[in-house]
Amino acid sequence: MMTSQVAILFPVVLFWLMLIVQYGLWWNSKQVANAAAASAVDAARVETGTSRSGEDAASSYLSQTGNLSSVSIVVTREPTVVSVEVRGNAPQLVPGFSWGVTARSEAPVERFVPEDER
């Protein structure tokens, strides 16, 4: 009787452990995407920054971490604001579960304001 209970419960316990590890992988991927979006905003918001410099900064950051797949980086630089969206997929440990992450960051564009206009 005891052996049959272990035979039934053991796969369930292993599945729950895999789900816990999968959640940890997703959480780490979310933090990486947030940091990449912040890096892109920092690069694109300077006075001489461009959308391309923001994309390059995010790509550089993501290439160093290497845990997101199917990455998409969209940087929008308008006259007064820069916004970035980073999308990707977390590593997949549990078959059948696809865990995507999305990170957004936004900041005003830095600009020079003469002293008499402050």
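- Taking each heavy atom of Ala107 and Val41 in turn, the nearest pair found is CB-CG1, 3.4 Å.
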Criterion side-chain contact (heavy atoms from CB on, under 4.5 Å) on Gln92 and Trp99, from CA distance to verdict: CA-CA 7 Å; Gln92 186 178 6; Trp99 297 50; over 6 Å; no
Stepwise side-chain contact (heavy atoms from CB on, under 4.5 Å) check, Asn34 with Lys30: CA-CA 6 Å; Asn34 283 332; Lys30 178 71 173 165; 4.1 Å; yes
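- Closest non-hydrogen pair, Ser98 versus Asn89, comes out as OG-OD1, 4.5 Å.
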Criterion side-chain contact (heavy atoms from CB on, under 4.5 Å) on Val86 and Leu62, from CA distance to verdict: CA-CA 10 Å; Val86 176; Leu62 291 171; 4.2 Å; yes
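- Clustering ILVMFWY residues whenever any of their side-chain heavy atoms sit less than 4.5 angstrom apart, transitively, puts Val71 in a cluster other than the one holding Val74.
- Arg77 places a side-chain N or O within 3.5 Å of a backbone atom of Ala44 that can act as its donor or acceptor partner.
- Taken from OG in Ser105 to CD in Glu85, the straight-line distance is 11.5 Å, to the nearest 0.5 Å.
- Trp26 places a side-chain N or O within donor-acceptor distance of the main-chain N or O of Gly100, the cut-off being under 3.5 Å.
- Closest approach of Ala43 and Ser53 over heavy atoms only: O-OG, 3.5 Å.
- Atom CD in Gln22 sits 12.0 Å away from atom CD1 in Ile20 (nearest 0.5 Å).
- Val75 and Gly54 get closest at one heavy-atom pair: CG2-C, 4.0 Å.
- Rounded to the nearest 0.5 Å, atoms CD1 (Ile73) and CG (Leu68) are 9.5 Å apart.
- Closest approach of Ala58 to Ala36, counting heavy atoms only: CB-O, 3.7 Å.
- Put simply, Met18 and Val12 are part of the same group of oily side chains (I, L, V, M, F, W, Y) that touch within less than 4.5 Å, one to the next.
- Rounding to the nearest 0.5 Å gives a distance of 12.0 Å between OG1 of Thr80 and CZ of Arg45.
- A salt bridge is absent between Glu106 and Arg104; no separation between the charged side-chain nitrogens and carboxylate oxygens falls under 4.0 Å.
- Residues Ser29 and Asn67 come closest through the heavy atom pair OG-ND2, 3.4 Å.
- Proximity of a side-chain donor or acceptor of Glu47 to a complementary backbone N or O of Val109 within less than 3.5 Å is not detected.
- Transitive grouping of hydrophobic side chains (ILVMFWY, heavy atoms separated by less than 4.5 Å) brings Trp16 and Trp27 into a common cluster.
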